[in-house]
**Student:** 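Quick one: structure below, then a few questions.
As the structure is a computational prediction, the values presented were derived from the model and not from experiment. We use all heavy atoms of the structure for the numbers below, so side chains are in, but hydrogens, waters and symmetry mates are not.
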Amino acid sequence: QVQVVESGGGLVQPGGSLRLSCAASGFTLDYYTIGWFRQAPGKEREGVSCTSSVKNTYYADFVKGRFTIARDNAKNTVYLQMNTLTPEDTAVYYCAAYPILIDPHAYCSEHVSSGSNYWGQGTQVTVSS
């Protein structure tokens, strides 16, 4: 059974850091495009960062320089290191796996609604003092 499970969310103060994990089971990450998406209350789900290989990554402008996506194929896990968090980063963060290696920018921008995505259940990130 193909499954992705997120973990690592929580409550953090502005300026703080969190590391989210996306553990995959039932498939090998090497052949999938992986994305982190988020959805804040009252807003549409949006692409945060996506990767199709260790060196092929994309970041949305609003996280560039603060977030880092990393694939550990040996552990079949993708991480999202989030630094310098602000209240605007508060959202449910979702991991998704797409069964084709495509340009990560295209994946983050155009495939959020794809029926081919395997979605995790989401992890809440709350940035508040």
Side-chain angles (χ1 to χ4, degrees):
Q1 181 181 0
V2 175
Q3 192 175 11
V4 293
V5 178
E6 305 96 334
S7 62
L11 173 64
V12 63
Q13 292 186 342
S17 298
L18 284 173
R19 188 177 79 157
L20 305 183
S21 299
C22 172
S25 60
F27 68 100
T28 303
L29 276 180
D30 304 47
Y31 308 109
Y32 282 69
T33 305
I34 305 297
W36 284 99
F37 300 82
R38 70 185 188 185
Q39 188 165 20
K43 295 187 177 181
E44 293 187 352
R45 193 172 297 188
E46 59 184 356
V48 175
S49 180
C50 296
T51 174
S52 59
S53 71
V54 172
K55 294 184 178 181
N56 198 3
T57 59
Y58 164 79
Y59 297 95
D61 286 344
F62 52 80
V63 302
K64 206 170 288 184
R66 300 188 298 125
F67 291 11
T68 303
I69 192 169
R71 300 171 70 111
D72 187 336
N73 288 344
K75 294 184 178 180
N76 226 29
T77 300
V78 175
Y79 303 97
L80 185 69
Q81 177 67 43
M82 306 187 297
N83 298 329
T84 320
L85 287 161
T86 73
E88 289 69 36
D89 295 315
T90 295
V92 178
Y93 283 71
Y94 297 90
C95 175
Y98 188 72
I100 301 174
L101 292 176
I102 63 173
D103 174 69
H105 185 177
Y107 183 55
C108 261
S109 303
E110 302 168 12
H111 291 267
V112 60
S113 300
S114 172
S116 298
N117 284 329
Y118 295 102
W119 289 100
Q121 80 289 351
T123 185
Q124 176 70 47
V125 172
T126 303
V127 185
S128 175
S129 56

**Student:** Using only atom types and a distance under 3.5 Å, with no angle test, would you say the side chain of T28 pairs donor to acceptor with the backbone of D30?
**Tutor:** no
**Student:** Within a strict 4.5 Å, meaning less than it, do heavy atoms of the S52 and T33 side chains meet?
**Tutor:** yes
**Student:** Same hydrophobic cluster for I102 and F27, using side-chain heavy-atom links shorter than 4.5 Å among ILVMFWY?
**Tutor:** no
**Student:** Over all heavy atoms of both residues, which pair between A106 and H111 is shortest? Give the atoms and the distance, please.
**Tutor:** O-CD2, 3.4 Å
**Student:** Does the side chain of Y118 come within less than 4.5 Å of I34's, by heavy atoms?
**Tutor:** no
**Student:** Would you call T57 and P104 a side-chain contact if the rule is heavy atoms closer than 4.5 Å?
**Tutor:** no
**Student:** Which residue pairs pass the side-chain hydrogen bond (donor to acceptor under 3.5 Å, both in side chains) test with at least one member in residues 61-80, sequence neighbours excluded?
**Tutor:** D61-K64, R66-D89
**Student:** When you look at OH of Y31, are more than 12 heavy atoms from neighbouring residues, nucleotides or ligands closer to it than 6.0 Å?
**Tutor:** no
**Student:** Which label fits H105 and Y58: parallel for a plane angle under 30°, tilted from 30 to 60°, or perpendicular past 60°?
**Tutor:** parallel
**Student:** So Q124 and L11, side chain to side chain contact (heavy atoms under 4.5 Å, CB included) or not? Walk me through it.
**Tutor:** CA-CA 8 Å; Q124 176 70 47; L11 173 64; over 6 Å; no
**Student:** Under 4.5 Å between side-chain heavy atoms, counting indirect links through other Ile/Leu/Val/Met/Phe/Trp/Tyr residues: same cluster for I69 and M82 or not?
**Tutor:** yes
**Student:** How long is the straight-line distance from OG1 of T123 back to CZ of R38, given to the nearest 0.5 Å?
**Tutor:** 14.0 Å
**Student:** Determine the minimum heavy-atom distance between A60 and G47, stating which atoms define it.
**Tutor:** CB-O, 3.6 Å
**Student:** Do side-chain atoms of Q121 reach the backbone of E6 as a donor and acceptor pair under 3.5 angstrom?
**Tutor:** yes
**Student:** With the side chain counted from C-beta on, respond yes when C95 and V78 share a heavy-atom pair under 4.5 Å apart, and no when they do not.
**Tutor:** no
**Student:** Identify the heavy atoms of V4 and A97 that sit nearest to each other, and give their distance.
**Tutor:** CG1-CB, 4.2 Å
**Student:** Do the side chains of L80 and Y98 join up, straight or via other hydrophobic residues, at under 4.5 Å, putting them in one cluster?
**Tutor:** no
**Student:** Is there side-chain contact between L20 and V125, with at least one heavy-atom pair below 4.5 Å?
**Tutor:** yes
**Student:** Restricting to non-hydrogen atoms, name the atom on S21 and the atom on W36 that form the minimum distance, rounded to 0.1 Å.
**Tutor:** O-CH2, 3.6 Å
**Student:** Report yes if the side chains of F37 and C50 come closer than 4.5 Å at any heavy-atom pair, otherwise no.
**Tutor:** yes
**Student:** Of all heavy-atom pairs between V12 and L18, which one has the smallest distance, and what is that distance?
**Tutor:** CG1-CD1, 4.1 Å
**Student:** Are any non-hydrogen side-chain atoms of T86 and F62 less than 4.5 angstrom apart?
**Tutor:** no
**Student:** When hydrophobic residues are tied together by side-chain contacts of less than 4.5 Å, even through go-betweens, does F67 share a cluster with Y94?
**Tutor:** no
**Student:** V48 and C108: which non-hydrogen atoms are nearest, and at how many Å?
**Tutor:** N-SG, 4.1 Å
**Student:** Mind checking whether Y32 and I100 sit in one hydrophobic cluster, side chains of I, L, V, M, F, W, Y counted as touching below 4.5 Å?
**Tutor:** no
**Student:** Check whether any side-chain heavy atom of L85 sits under 4.5 Å from a side-chain heavy atom of Q13, and report yes or no.
**Tutor:** no
